[in-house]
Amino acid sequence: MGSLTSLVLATIAFVGSHFLLSHPLRASLVKRMGEGGFLAVYSIVALFTFGWMVWAGVAMEPMAPRWVAPLWFYEWAAPALMLLASILLVGANIRNPAFPNPTGASTAIRPATGVFAVTRHPMNWAFMIWAITHFILSGTPLNIVLTIGLFVLTFFGSLLQDRKKEGLMGDAWQGWEARTSFIPFRAVLDGRIPVGAIWPGWISLLGGIGLWAAASWAHHIPVGLFAWMI
């Protein structure tokens with residue numbers, strides 16, 4: 001089996017198993033195995049399929065890209081998009097209505113502010129923006145497979161999460177859907193959310209900038225902030 005074929009199969013296994021275990025199979029497995037047993041199986045499957053992806057990617061021979069983004073996208077558009085993604089990712093961990101709440105209270109009844117005024121799925125959109133940006137940057141077979149896999153996982157994962165939350169939370173989540181948007185900034189543009197509500201707050205902003213700077217520094221070539229400083 002070629003390394004590219006192995007990577008494609010590993011990515012399909014990783015994304016497919018996530019969808020199956022998170023949605024159609026979850027309830028029956030939890031009933032049979034308990035929450036702890038299900039989480040153990042879920043983690044093992046996720047680690048195995050992700051490890052397979054890493055192994056297949058490392059084993060691949062370098063292949064020429066089918067395209068390379070223009071310099072302006074590399075120097076300006078990509079860093080700006082990744083900064084937005086970093087802020088969304090940090091902000092998604094603050095009072096996220098999709099997260100389980102031990103008190104039983106629903107945070108979905110509050111007004112949508114910060115990153116949730118941008119989109120009700122800020123974490124998944126952070127990964128979608130990463131996938132779209134890196135897909136545009138370089139069309140190597142490795143990059144194409146990984147970015148498409150991540151985009152499919154997070155895009156359809158968002159839609160399936162909405163459906164699941166509608167069943168679990170009923171009117172609270174449906175109201176949250178009515179006040180927010182899946183597409184970033186759509187609820188602001190159509191007037192459901194005031195422009196001022198998209199201010200992410202200092203924790204999300206500074207944390208996002210820090211994450212963006214750290215990720216930029218970790219690249220093997222100067223990107224983002226460090227490319228601007230050269």
Side-chain angles (χ1 to χ4, degrees), residues 1 5-59 85-86 88-110 112 114-116 119-132 145-182 204 207 211:
M1 182 188 299
T5 302
S6 180
L7 178 64
V8 171
L9 293 176
T11 304
I12 292 172
F14 178 74
V15 174
S17 62
H18 177 86
F19 284 148
L20 289 173
L21 292 174
S22 297
H23 299 283
L25 299 180
R26 181 184 177 96
S28 60
L29 289 176
V30 169
K31 185 177 180 179
R32 292 178 184 179
M33 309 168 62
E35 189 69 31
F38 169 78
L39 290 175
V41 170
Y42 183 94
S43 299
I44 292 170
V45 172
L47 287 172
F48 174 79
T49 52
F50 182 73
W52 182 11
M53 289 175 63
V54 172
W55 174 82
V58 170
S86 298
L88 290 175
L89 184 59
V90 173
N93 291 281
I94 301 172
R95 297 187 65 203
N96 191 332
F99 289 173
N101 191 330
T103 67
S106 174
T107 55
I109 61 175
R110 67 179 176 85
V115 297
F116 300 99
T119 171
R120 66 175 167 273
H121 292 289
M123 182 174 292
N124 281 349
W125 265 105
F127 290 113
M128 280 188 270
I129 291 171
W130 184 95
I132 293 168
V145 173
L146 293 180
T147 54
I148 290 178
L150 181 60
F151 182 85
V152 169
L153 175 64
T154 49
F155 179 84
F156 289 101
S158 298
L159 301 182
L160 290 170
Q161 184 183 69
D162 277 339
R163 182 179 298 178
K164 182 168 71 174
K165 290 296 182 180
E166 287 169 5
L168 292 173
M169 300 173 64
D171 291 342
W173 192 263
Q174 291 175 4
W176 181 250
E177 288 178 301
R179 298 194 306 276
T180 58
S181 63
F182 170 60
S204 299
L211 175 62

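Throughout, numbering of the chain's residues begins at 1 and tracks the sequence. The figures that follow rest on heavy atoms only: side chains count, while hydrogens, waters and symmetry mates do not. Please read all numbers here as calculations on a predicted model, not as lab measurements.
No side-chain heavy atom of V15 sits less than 4.5 Å from a side-chain heavy atom of T49. Put simply, the side chain of Y42 reaches to within 4.5 Å of the side chain of H18, judged on heavy atoms. Between S22 and L160, the closest side-chain pair of non-hydrogen atoms is not below 4.5 Å. By the 4.5 Å heavy-atom criterion applied to side chains, R110 and P97 are counted as neighbours. Contact of the W125 side chain with the V115 side chain is not registered, since no non-hydrogen atoms from C-beta on lie closer than 4.5 Å. With a 4.5 Å cut-off on side-chain heavy atoms, L89 and L211 count as touching. D162 has its side chain within reach of H121: a pair of non-hydrogen atoms, C-beta onward, lies under 4.5 Å apart. Side-chain contact check for L153 versus F14: some heavy-atom pair is nearer than 4.5 Å.
Nearest heavy atoms, G157 versus N124: C-ND2, 4.1 Å. Of all heavy-atom pairs spanning P122 and L88, the tightest one is O-CB, 3.5 Å. Minimum interatomic distance between T11 and G149 (heavy atoms only, all atoms of both residues): CG2-CA, 3.7 Å. For the residue pair S6 and W55, the shortest heavy atom distance occurs at OG-CZ3, 3.6 Å. What you find for A112 and T180 is that their closest heavy atoms are CB-CG2, 3.5 Å. Between L7 and G57, the shortest heavy-atom contact is CD1-N, 4.2 Å.
In summary, of the residues considered (K165, R179, Q161, E177), a side chain to side chain contact (heavy atoms under 4.5 Å, CB included) with R120 occurs for E177 alone.
Ring planes of F151 and F155: parallel class, angle under 30° (limits at 30 and 60°).
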Inset, instruction - For the pair M53 and V145, evaluate side-chain contact (heavy atoms from CB on, under 4.5 Å) and give the outcome as yes or no after the intermediate values. - result: CA-CA 10 Å; M53 289 175 63; V145 173; over 6 Å; no
Inset, instruction - Show your reasoning for whether side-chain contact (heavy atoms from CB on, under 4.5 Å) applies to V41 and L29. - result: CA-CA 9 Å; V41 170; L29 289 176; 5.6 Å; no
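Listed for the T119 side chain is a donor-acceptor partner under 3.5 Å among the backbone atoms of F182. Distance alone, capped at 3.5 Å, places no donor-acceptor pair between the K164 side chain and the H23 backbone.
Atom CG of residue L150 and atom CD1 of residue I132 lie 10.0 Å apart, to the nearest 0.5 angstrom. The CG atom of D171 lies 10.5 Å from the CD atom of E166; values are rounded to the nearest 0.5 Å. With rounding to the nearest 0.5 Å, the separation of OG in S28 from CZ in F38 is 9.0 Å. Once rounded to the nearest 0.5 Å, the distance linking CD1 of I44 with OG of S17 reads 12.5 Å.
Other residues, nucleotides and ligands place no more than 12 heavy atoms under 6.0 Å from the CZ atom of F127. Under a cut-off of 6.0 angstrom, the local environment of CG in N93 is crowded, with over 12 non-hydrogen atoms contributed by other residues, nucleotides or ligands.
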